[in-house]
Each structure stands twice: as C-alpha cells, then as structure tokens.
Amino acid sequence: MSANLDWGSLGFGYIKTPYRYVSNFKDGKWDDGCLTEDDKIVMSECAGVLQYAQTVFEGLKAYTTVDGRIVTFRPDLNAERMFESAERLEMPPFPKERFLEAVDKVVAANKDYVPPYGSGATLYLRPYMFGSSEVIGVKPAKDYQFRLFATPVGPYFKGGAKPITIRVSDYDRAAPKGTGHIKAGLNYAMSLHAIVDAHENGFDENMYLDPATRTYVEETGGANFIFVTKDKKIVTPKSDSILPSITRRSLCCVAEKYLGLTVEHRPVKFSEIKDFAECGLCGTAAVISPVGKIYDHGKEICLPAGMDKMGEVTKQLYDTLTGIQMGRLEAPEGWIREIK
Ligand SMILES: *Cc1c(COP(=O)(O)O)cnc(C)c1O
C-alpha cells in the first residue's frame, strides 16, 4: 500500500523512510551488510569523517514508470563513480555488484514510498560511505561504513521549468589535480559560502571557471553545463576537475542517438558563451535546469532562449531523457534497472 503522502507538495528535503542498508568495513573486509530500521549512527568522537572529512556519496532516483514498474536509472554508473571516488580518498571501494544489491534492497523494502507515475515526485537514494574509526594523526581511517537511505522528493520544478540566472563566481570549486572530479562532501563544504553569497545577491547558482586561468567554463556547485550552439550542436565542457555527471553523459547520448545532433565534449572558453543559443544545468535532481542569464561582474549575457521557458533543443533533450526514464520511450540497452 502506498504511503499516505501528498506527493505533489513534497519539496527536496529529508523524510525518514522505514529501511536503509548498512555494511561495515572492519579487519580489512566488508561484512555481509543488511537492511535496518535504525536511522542513527553511533561512532567515535574522533572518527575519520568528523576530523578530516573522509566521506564520499552518490545520488540517484527510483520511480514508477508509465506501465507501473519500479525502476532506477543507470545505477551501475553510480556504483562505478562511487568506487572511483573512494579510491581517490584512500577508502576501501564498495564492490559495484553489492552497491546495486543495496539499491535494489532499499527500494524494494521502501516500495510504499516510491511515488506514483505522473506525480512528478521520485524516491531519492543516497548511498554514502565514511571513515568511522579514530583518526587524529593525518591518515586514512581503518574502519568504514557504507549506508544507503531513501527519501521521497517532490517535483524539482513546480509549475514548469523556469530559466534561472547564474553568476560567474570569484571563488573556486576545485583545484587543478584536486578532487573536483569525485563526489566528495568536501567539495560541497567549500562551496557553501559561495552559494549562500550568490543567493543573497539574487542569483540562483554559481558558474565556476577553471581555477588556473579563469578562462574556461567548469560547472556549478552540483550540476554540469550543457550548451546548444545557434546551429544546434551540443557542446559540453571538458576538464579534469569537472564531476562526470551521469545525466550529462546520458543527455549527450540522447542528443546523438535519438535527436541526431552533433555533440562536442571539449574545453569551452567563457568568451564563447555569448555566441551560444541555449544553456542548461544537468544533474539527477532536475535533469536539466535552463539558464536564461549569466551575470559576469557587471555585464550580463542573455541567452537567446530567454527567461520565459526552456530553449527548443533543451526541451527536446529533457523530454527525450525523461521519456526514457519514465518508460514512455524505449531505453538504450542497460539504462533501466527494474526493481522486483
Ligand atoms: C552529483 C553532481 C553532478 C550531477 O551528476 P549526476 O550524476 O548527473 O547527478 C554534477 N556536479 C557535481 C559537482 C556533482 O556533485
């Protein structure tokens, strides 16, 4: 039986669901792991995560398709990315097949909290792992915990996707050869001041430029850029310090295979943006948020797509990817994982 929630009025917040998955790494190996109803974590005051931020995470969604199946979208890529994030922070990677098993178990156990088709709401899944044993001299922890919980979230855009206004940030998100390419909480901690400041000044997001030269476009705090040229080519920035968004990679496939568009994944100069027709931010939460205006130190770049609605190509990309996710369009092999 479906949980008695008002799906349409959910926001993007935490709502406790009955079951989560936990596995512990101890004495050099991961234990068998299990579902639990216990949402509390008890650990040492000196745990590695608390002292030196040794933690990585992922984000993905489960939802109901048009024909009533409960599915997740490309969870194998989340498993792979979390594996790589863990390696970069000297954490024991959680095996990929066990990551998928944890996703399946948590969604199945909380299936009453998977929002119905058409509600716009989804069940957001948050896998993460952290150093749980004591660390005071700087080194990796010995013990770790992997957790995966689920929380229902509302439609990202209530009443349609309105273009947003972003600004070029004077802060940096990631250093060259740093940790920008992994999904680590530390990248978010350092972006909090910049986003609070952006909001206080009336902007929705920060555009970060490459920290070394401040001439190339990187990404925002939590979403990759996708641009559309005036002759309808897709351009996405390439850099070693950008987090490889699964949504962005999927949209690029969709652009080529479903829409017949040309895709260029290459370094993008900030100076090129004034010549683009459309701009969007991609990530799991919103799929694509259209950007209407980019503010750069007193100068405004207004994208021709305008401030009223998504640009034409952005809309096609959005409709096609969400169509694939929701089972209205046939998905490429391996993109949809059904939860039994
Ligand atoms: C999670 C994240 C994204 C979006 O990735 P998706 O896999 O599409 O959800 C983009 N940038 C950063 C910095 C992120 O942490």
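Each ligand, and each atom within it, is numbered from 1 in the order the structure gives.
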Would you check whether [X] has a nitrogen or oxygen atom less than 3.5 angstrom from a nitrogen or oxygen atom of ligand 1?
X	answer
T284	yes
K183	yes
I246	yes

Looking only at protein heavy atoms, which one is nearest to [atom], and what is the separation?
atom	value
atom 11 (N) of ligand 1	E219 OE1, 2.6 Å
atom 15 (O) of ligand 1	Y188 OH, 2.4 Å
atom 3 (C) of ligand 1	G222 O, 3.3 Å

I want to check a possible cation-pi pair here: K61 against Y124, using under 6.0 Å from ring centre and within 45° of the ring axis as the test.
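No - K61 does not lie over the ring of Y124 by the 6.0 Å and 45° rule.
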
Atom of T284, atom of T247 and distance for their closest heavy-atom approach:
N-OG1, 3.2 Å

Salt-bridge contact [X]-[Y] (side-chain N to carboxylate O under 4.0 Å):
X	Y	value
K232	E312	yes
K162	D308	no
E101	K105	yes

Ligand-residue contact atoms, ligand 1 with G283, heavy atoms, under 4.0 Å:
4 (C), 8 (O), 9 (O)

Distance filter under 4.0 Å to A223 heavy atoms, resulting ligand 1 atoms
10 (C), 11 (N)

Look at the aromatic rings of Y188 and F57 and report parallel, tilted or perpendicular, splitting at 30° and 60°.
perpendicular

Which is it for S245 and ligand 1 at heavy atoms under 4.0 Å: side chain, backbone, both or neither?
both

Please report whether the ring centroid of Y208 lies less than 6.0 Å from that of Y171.
no

